[in-house]
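Hydrogens, waters and symmetry mates play no part in the numbers below; they use all other heavy atoms, side chains included. Everything numeric here is computed off the predicted structure, so don't read it as measured data.
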Amino acid sequence: MKITAARVIVTCPGRNFVTLKIETDQGVYGIGDATLNGRELSVVAYLQEHVVPCLIGMDPRRIEDIWQYLYRGAYWRRGPVTMRAIAAVDMALWDIKAKMAGMPLYQLLGGRSRDGIMVYGHANGSDIAETVEAVGHYIDMGYKAIRAQTGVPGIKDAYGVGRGKLYYEPADASLPSVTGWDTRKALNYVPKMFEELRKTYGFDHHLLHDGHHRYTPQEAANLGKMLEPYQLFWLEDCTPAENQEAFRLVRQHTVTPLAVGEIFNTIWDAKDLIQNQLIDYIRATVVGAGGLTHLRRIADLASMYQIRTGCHGATDLSPVTMGCALHFDTWVPNFGIQEYMRHTEETDAVFPHDYWFEKGELFVGETPGHGVDIDEKLAAKYPYKPAYLPVARLEDGTMWNW
Ligand SMILES: O=C(O)C(=O)C[C@H](O)[C@H](O)CO
Ligand SMILES: [Mg+2]
């Protein structure tokens with residue numbers, strides 16, 4: 001069996017997506033996601049110029065060998081561009097293998113460990129009152145877990161504050177827009193939001209919060225401590241994780257569960273955090289961390305330390321990644337939760353899929369493969385549009401972490 005063609009498809013049904021389609025001499029094809037939000041065309045070039053020529057003629061059944069070929073063979077390892085390109089190939093090859101086996105992908109991974117996948121949605125508001133209302137809306141839709149973010153008085157466009165009720169899309173400008181940040185104001189406001197949420201809705205639902213790499217370890221420890229009475233499911237990205245040791249300080253001061261990893265590319269980004277039990281949830285997902293082949297290794301390492309998965313699932317991860325992640329979630333023994341930001345109707349039409357939402361959970365279908373396809377004719381109607389994530393600056397103009 002041979003790979004006969006591999007094409008990169010760029011489409012913008014409301015936001016940009018990069019998709020790899022691998023075709024074979026047996027008529028079976030596979031689809032992979034390669035979207036890197038705000039830097040999409042770098043992965044397009046990496047795939048087209050440096051990966052696709054190597055793939056032609058290879059045996060698509062050799063998933064592990066092709067992964068190693070692309071990872072070790074490049075000499076230049078890791079990084080978001082390389083690992084997304086590898087992820088796209090990996091997803092497409094697993095799709096092909098599962099289609100050939102006539103099985104939904106989760107069966108090849110080891111079979112079903114659970115029926116439904118608990119997901120969390122994003123409730124946003126420009127202040128506490130609005131966020132409390134937005135959380136109520138998610139509860140009414142049947143969600144069991146909800147991430148709550150609020151605008152903070154005095155901070156311009158704080159992270160996580162959406163423009164619509166269901167569809168939050170941060171990459172919204174042809175050049176990065178400038179948002180603000182002030183740690184003191186946030187530390188004084190965010191705990192009040194959780195106090196209000198627990199007063200209003202009680203403790204039956206899981207609540208989550210994303211610090212988006214904004215706090216120093218000491219400030220993150222302080223936030224974690226202040227949030228303890230509200231029993232969060234997790235506090236995410238409380239501090240940047242390039243220095244994995246930084247989480248030790250946070251951990252020593254709070255029992256609020258910690259999650260990190262949406263920007264991790266390999267097991268090496270998470271190794272110390274996992275082996276020292278400095279986190280509770282690992283947020284790496286299929287497109288970010290080199291595909292299912294590599295994500296499985298991260299999950300297995302995490303399972304040895306009772307750390308559970310919490311795959312990234314923002315809108316910049318295409319339905320192809322969501323489909324793959326849901327098969328992974330259906331199988332993985334140490335599953336924790338899955339993030340679920342809804343794609344728009346335009347996106348869902350370009351990527352027909354068989355997963356569905358019901359009562360706070362997502363379910364995968366039984367279609368052979370990962371269950372997500374691309375309508376190429378429709379995709380061609382939405383040409384690429386440059387769109388950047390915002391940047392963040394402190395009040396005095398200093399660049400901060402967005
Ligand atoms: O989904 C999350 O937790 C995020 O933090 C979303 C990110 O801002 C988004 O994926 C950036 O592209
Ligand atoms: Mg996040």
Side-chain angles (χ1 to χ4, degrees), residues 17 19 30-35 63 84 87-88 90-99 101-122 141-145 147 206 208 259 261-262 281-296 298-300 302-303 308-344 347-348 350-374:
F17 294 109
T19 308
I31 304 284
D33 177 25
T35 309
I63 300 178
R84 269 176 163 76
D90 192 73
M91 283 182 238
L93 296 183
W94 277 104
D95 194 23
I96 290 169
K97 196 180 273 294
K99 282 174 177 166
M103 291 179 185
L105 180 53
Y106 73 81
Q107 290 290 9
L108 288 191
L109 296 174
R112 192 178 277 288
S113 297
R114 59 194 55 78
D115 298 326
I117 306 302
M118 181 169 73
V119 298
Y120 70 91
H122 283 211
M141 285 191 290
Y143 281 78
K144 301 169 181 190
R147 186 187 95 155
H206 297 300
L208 301 82
E262 69 182 31
Y281 296 92
I282 177 72
R283 302 221 56 228
T285 194
V286 193
V287 67
L292 290 148
T293 299
H294 194 65
L295 187 62
R296 282 216 290 188
I298 299 177
D300 280 344
S303 76
R308 294 189 282 157
T309 64
C311 283
H312 188 204
T315 39
D316 45 299
L317 313 177
S318 92
V320 180
T321 287
M322 183 54 81
C324 289
L326 291 172
H327 283 273
F328 168 82
D329 295 335
T330 298
W331 156 74
V332 72
N334 48 325
F335 171 74
I337 200 164
Q338 167 70 51
E339 182 181 16
Y340 176 46
M341 274 172 87
R342 286 163 193 256
H343 289 111
T344 59
T347 297
D348 284 343
V350 169
F351 295 97
H353 52 261
D354 72 350
Y355 59 80
W356 76 93
F357 174 86
E358 206 179 302
K359 296 186 185 147
E361 296 183 344
L362 279 167
F363 295 83
V364 283
E366 293 293 314
T367 313
H370 57 48
V372 187
D373 209 337
I374 182 164

key: Residue pair M91 / V320: nearest heavy atoms and the distance that separates them   = SD-CG1, 4.1 Å
remark   = dist L362:CG -> L326:CG (nearest 0.5 Å) comes out at 5.0 Å
task = Please round to the nearest 0.5 Å and tell me the distance separating atom NE2 of H327 and atom NE2 of H370.
result = 8.0 Å
ask   = Between E358 and F363, does a side-chain contact (heavy atoms from CB on, under 4.5 Å) hold up when you go through it step by step?
value = CA-CA 8 Å; E358 206 179 302; F363 295 83; 3.8 Å; yes
F328 six-ring face occupied by R296 cation (under 6.0 Å, within 45°) = no
ask   = Under the 3.5 angstrom rule, does the side chain of R112 hit a backbone N or O of R114 as a donor-acceptor pair?
value = yes
Over all atoms of both residues, closest heavy-atom pair of D95 and G369 = OD1-CA, 3.3 Å
inquiry  = Measuring only between side-chain heavy atoms, which start at C-beta, is T19 closer than 4.5 Å to I31?
reply    = yes
task = Please report the closest heavy-atom contact between Q338 and C311, naming both atoms and the distance.
result = OE1-CB, 3.2 Å
ask   = Are any of the side-chain heavy atoms of H312 and L317 separated by less than 4.5 Å?
value = yes
query = Is there side-chain contact between D348 and R342, with heavy atoms separated by less than 4.5 Å?
reply = no
query = Is the distance between the ring centroids of F351 and H353 less than 6.0 Å?
reply = no
ask   = CD1 of I337 to CG of D329: how many Å apart, nearest 0.5 Å?
value = 10.0 Å
task = Verify, without hydrogens or angle tests, whether R283 (side chain) and G310 (backbone) share a donor-acceptor contact under 3.5 angstrom.
result = yes
query = What pairs with T321 under side-chain hydrogen bond (donor to acceptor under 3.5 Å, both in side chains), at least two apart in sequence or on another chain?
reply = D33
remark   = Rounded to the nearest 0.5 Å, the CG atom of L109 sits from the OG1 atom of T330 at a distance of 9.0 Å
message = If you define the side chain from C-beta out and look only at heavy atoms, does anything of Y143 sit under 4.5 Å from H206?
response = no
message = Measuring from atom CZ of F335 to atom OG of S303, what distance do you get when rounded to the nearest 0.5 angstrom?
response = 15.0 Å
note = Heavy atoms of V364 and Y106 approach each other most closely as CG2-CD2, 3.9 Å
ask   = How many angstroms lie between atom CD of E339 and atom CD of E262, to the nearest 0.5 angstrom?
value = 6.5 Å
request  = Return the minimal non-hydrogen interatomic distance between P104 and E366, and the atom names on each side.
outcome  = CG-OE1, 3.4 Å
task = In sequence, state the C-alpha distance, the side-chain angles, and the governing distance for L105 and L292, and then conclude on side-chain contact (heavy atoms from CB on, under 4.5 Å).
result = CA-CA 10 Å; L105 180 53; L292 290 148; 3.6 Å; yes
task = Report the relative orientation of the aromatic rings in H343 and F17; use parallel for angles under 30°, tilted for 30 to 60°, perpendicular for over 60°.
result = perpendicular
task = Determine the minimum heavy-atom distance between A88 and A34, stating which atoms define it.
result = CB-CB, 3.7 Å
inquiry  = Checking E361 now: which residues fulfil side-chain hydrogen bond (donor to acceptor under 3.5 Å, both in side chains) with it, not counting sequence neighbours?
reply    = K144
